[in-house]
Protein chains: 2
Amino acid sequence: MDTDNAVVERLLTPAEVATIFRVDPKTVSRWARSGKLNARRTLGGHRRYPENEIWALLDQHQGE
Amino acid sequence: MDTDNAVVERLLTPAEVATIFRVDPKTVSRWARSGKLNARRTLGGHRRYPENEIWALLDQHQGE
DNA sequence: AATCATTAGGGTAATTGGGGAC
DNA sequence: ATTGTCCCAATTACCCTAATGA
């Protein structure tokens, strides 16, 4: 298994992003819908968020 | 000289697909059973997924 | 042959999306 | 203007056993 260990962007669930920012998961969805947050979709329509983007946004809003 | 380098579709295991979409392997099985995902079968009945299709679906559901 | 991780099933909790409203 | 909460339907996660894969 794992024939080709390509670097795939790791995705976070809405709940995980919500925990990181200390907000409600619904708020995370609002961010995504308003374009503030980039998101992939599962085939069922649930959102998955690129981990590196989340951390980048966290750092970016530091010290404000 | 590339005598017999036919383009063979690379197959991914359920666990690999699950990792890519950040879902449970069972969810991938449900996608296959509902026709959302194309799948081949091992002789024992386990599913294998064409890699190309997986990446295409992941990219396709980008945005919004 | 024997071990151990993975998968297919099926059932039942938990999460998520969407919509609007407060 | 942003966030949290409530509702509902759909999707997904976790539980188990038996079979397959390696």
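This one's a predicted model, so the numbers in the text were calculated from it and none came from an experiment. Lettering follows sequence order; numbering is per chain, from 1. No hydrogens, no waters, no symmetry mates; every other heavy atom, side chains included, goes into these values.
Inter-residue side-chain proximity for V8(A) and T19(B) is flagged as unmet; no heavy-atom pair is nearer than 4.5 Å. Using a 4.5 Å heavy-atom threshold, the side chains of W55(A) and I20(A) count as touching. Using a 4.5 Å heavy-atom threshold, the side chains of L11(A) and F21(B) count as separate. Contact annotation: the side chain of Y49(B) approaches that of V28(B) to within less than 4.5 Å [non-hydrogen atoms, C-beta and beyond].
Per the geometry, CZ belonging to R33(B) stands 14 Å off C1' belonging to dT11(D), to the nearest Å. Distance F21(A) CZ to dG4(D) P: 12 Å, rounded to the nearest Å. Here dT12(D) presents its P atom at 14 Å from CG of L11(A), a figure rounded to the nearest Å. Spacing between atom CG of L12(A) and atom C1' of dT16(C) amounts to 16 Å, rounded to whole angstrom units. Between the CG atom of L37(A) and the P atom of dG17(C) there is a distance of 11 Å, given to the nearest Å. If you measure from atom CZ of R41(A) to atom P of dT11(D), you get 13 Å, rounded to the nearest angstrom.
End-to-end axis angle for the helix from dT3(C)-dA22(D) to dG18(C)-dC7(D), using five pairs per end and rounding to 10°, comes out at 50°.
Annotation: side-chain hydrogen bond (donor to acceptor under 3.5 Å, both in side chains) contacts of E51(A) (sequence neighbours excluded): R10(A). A search for side-chain hydrogen bond (donor to acceptor under 3.5 Å, both in side chains) contacts involving S29(B) returns nothing, not counting sequence neighbours. By the side-chain contact (heavy atoms from CB on, under 4.5 Å) test, N52(A) pairs with P50(A), sequence neighbours left out.
Taking only side-chain nitrogens and oxygens, R47(B) comes nearer than 4.0 Å to OP1 or OP2 of dG9(C). For dT11(D), neither phosphate oxygen OP1 nor OP2 lies less than 4.0 angstrom from any side-chain nitrogen or oxygen of T42(A).
Between dT16(C), dG21(D), dT12(D), one nucleotide has an atom nearer to the side chain of W31(B) than all others, and that is dT12(D).
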Nucleotides 13-19 of chain D: protein proximity per nucleotide (B base, S sugar-phosphate only, - neither; heavy atom, under 4.0 Å): BSB----
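Applying the salt bridge (charged side-chain N to carboxylate O under 4.0 Å, His left out) test to pairs two or more places apart or on separate chains, those with a residue in residues 40-49 of chain B are E9(B)-R40(B).
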Determine all donor-acceptor pairs shorter than 3.5 Å in which one atom belongs to a side chain in residues 30-37 of chain B; sequence neighbours excluded.
from, atom 1, to, atom 2, distance (Å)
S34(B), OG, R30(B), O, 3.1
S34(B), OG, W31(B), O, 3.1

